[in-house]
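Written below as structure tokens is the structure these notes are about.
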Amino acid sequence: MSDLSPVLRATGLRKNYRSGDSTLEVLRGVDLAVATGESVSIRGESGSGKSTLLNLLAGLDRSEAGELIWGVEAAHQLPLGELTARRGRFLGMVFQSYYLIPEIDAAANVLMAARILGGVGAVERARAAALLRRVGLAERGHHLPAQLSGGERQRVAVARALMNRPNMILADEPTGNLDERTGDEVIQLLLEVCAEEQAALVLVTHNPAHAKKTNRQLFLKNGQLDHG
Ligand SMILES: Nc1ncnc2c1ncn2[C@@H]1O[C@H](COP(=O)(O)OP(=O)(O)OP(=O)(O)O)[C@@H](O)[C@H]1O
Ligand SMILES: [Mg+2]
């Protein structure tokens with residue numbers, strides 16, 4: 001993997017949470033480079049800062065120090081508006097609780113990723129349909145999220161995350177609300193479609209079996225990533 005250029009490079013990321021007089025140092029200089037198309041898992045105790053780290057990598061929150069490079073772009077130097085626009089093209093996210101829009105159907109949820117970036121035409125509709133087919137939901141495009149099982153909802157979220165052909169997917173405990181078998185299937189699917197789409201994957205998980213399926217297993221401990 002080291003011969004491939006990194007799709008993401010983070011160095012010295014720091015995050016503190018302050019409450020009253022006390023400061024909680026959650027991230028104390030996190031370094032991470034992810035190669036193009038690589039899959040990486042991150043484990044760590046509850047409260048170790050995994051979600052905090054993913055939010056920094058996604059540019060949803062700012063690090064107090066360090067650098068964040070998306071492709072060749074210094075994301076940590078982009079103004080907020082530009083960061084948001086670039087995020088929509090550069091990465092997709094999958095969360096434990098799906099975060100689908102309840103009022104619109106599965107196909108519209110997938111298309112929403114493209115709508116946020118601009119127009120939706122025949123090309124985008126065809127891509128959304130193809131992605132829904134790929135995640136096994138060809139017949140479910142017109143179902144509302146409430147009419148889908150947890151596993152099916154997460155499949156919609158995976159399709160949505162890939163809609164804009166991102167370089168990278170960030171997944172935060174995507175199987176946290178699923179039973180074991182459904183969770184295994186979602187992880188298998190996520191790994192397969194990311195490989196097909198040549199999207200790198202950063203997977204936060206508590207499940208060692210899921211972590212072992214990735215190219216590289218990392219641990220977040222004492223505010224830093226242990227590269228083993
Ligand atoms: N907005 C916030 N304000 C104050 N403290 C916060 C905030 N968000 C997170 N924290 C604290 O930062 C620490 C790291 O939280 P984070 O959610 O990143 O952990 P995590 O590793 O994702 O945990 P889990 O495995 O339970 O999801 C925790 O101690 C948490 O209480
Ligand atoms: Mg978390």
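All ligand and atom numbering here is 1-based and tracks the order in the structure.
- When the options His206, Lys50, Glu173, Arg43 are ranked by their closest heavy atom to atom 27 (O) of ligand 1, first place goes to Glu173.
- At under 3.5 Å, a nitrogen or oxygen of Gly47, whether backbone or side chain, sits near a nitrogen or oxygen of ligand 1.
- At the shortest separation from atom 26 (O) of ligand 1 among protein heavy atoms lies Ser46 OG, 2.5 Å.
- Of all protein heavy atoms, the one lying nearest to atom 18 (O) of ligand 1 is Thr52 OG1, 2.6 Å.
- Taking the side chain as every heavy atom from C-beta outward, Val135 and Leu189 approach each other to under 4.5 Å.
- Among the atoms of Gly49, some N or O lies under 3.5 angstrom from an N or O of ligand 1.
- Neither the backbone nor the side chain of Leu220 has a heavy atom within less than 4.0 Å of ligand 1.
- Pairing each heavy atom of Leu60 with each of Arg87, the nearest pair is CD2-CZ, 3.5 Å.
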Go through the steps for Thr23 and Asn16 under the test side chain to side chain donor-acceptor pair (under 3.5 Å), then give the verdict. CA-CA 6 Å; Thr23 298; Asn16 301 327; over 6 Å; no
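- Residue Val26 has at least one heavy-atom neighbour below 4.0 Å for each of these atoms of ligand 1: 12 (O), 13 (C), 14 (C).
- Taking 2.8 Å as the threshold, Ser51 counts as a candidate ligand of the Mg ion (ligand 2), since one of its N, O or S atoms lies below it.
- Within a 4.0 Å radius of atom 10 (N) of ligand 1, the protein has at least one heavy atom.
- Judged by the shortest distance from any of its heavy atoms, Ser48 lies inside the 4.0 Å radius around the atoms of ligand 1.
- There is no protein heavy atom closer than 4.0 angstrom to atom 30 (C) of ligand 1.
- Residues Asp31 and His227 have side chains that never bring a donor and an acceptor to within less than 3.5 angstrom of each other.
- Closest to atom 1 (N) of ligand 1, if we only count protein heavy atoms, is Tyr17 CE2, 3.6 Å.
- Of all the atoms in ligand 1, the ones that sit under 4.0 Å from a non-hydrogen atom of Leu24 are 11 (C), 12 (O), 29 (O).
- Of all atoms in ligand 1, numbered sequentially from 1 with element shown, those under 4.0 Å from a heavy atom of Glu45 are 21 (O).
- Counting protein heavy atoms only, atom 17 (O) of ligand 1 is closest to Ser51 CB, 3.8 Å.
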Show the numbers, then the answer: is there a salt bridge (charged side-chain N to carboxylate O under 4.0 Å, His left out) between Asp172 and Lys50? CA-CA 8 Å; Asp172 193 355; Lys50 303 180 298 297; over 6 Å; no
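- Leu144 and Asp105 get closest at one heavy-atom pair: CD2-N, 3.8 Å.
- Neither Tyr98 nor Leu170 shares a network with the other; the hydrophobic side chains, linked directly or stepwise wherever heavy atoms of I, L, V, M, F, W or Y lie under 4.5 Å apart, form separate groups for each.
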Ile42 vs Val202, side chain to side chain contact (heavy atoms under 4.5 Å, CB included): CA-CA, chis, key distance, verdict: CA-CA 7 Å; Ile42 299 176; Val202 177; 3.8 Å; yes
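- Annotation: the span from Leu57 atom CG to Leu91 atom CG amounts to 9.0 Å, rounded to 0.5 Å.
- Side-chain contact between Ile169 and Leu203 is absent, with no heavy atoms from C-beta onward closer than 4.5 Å.
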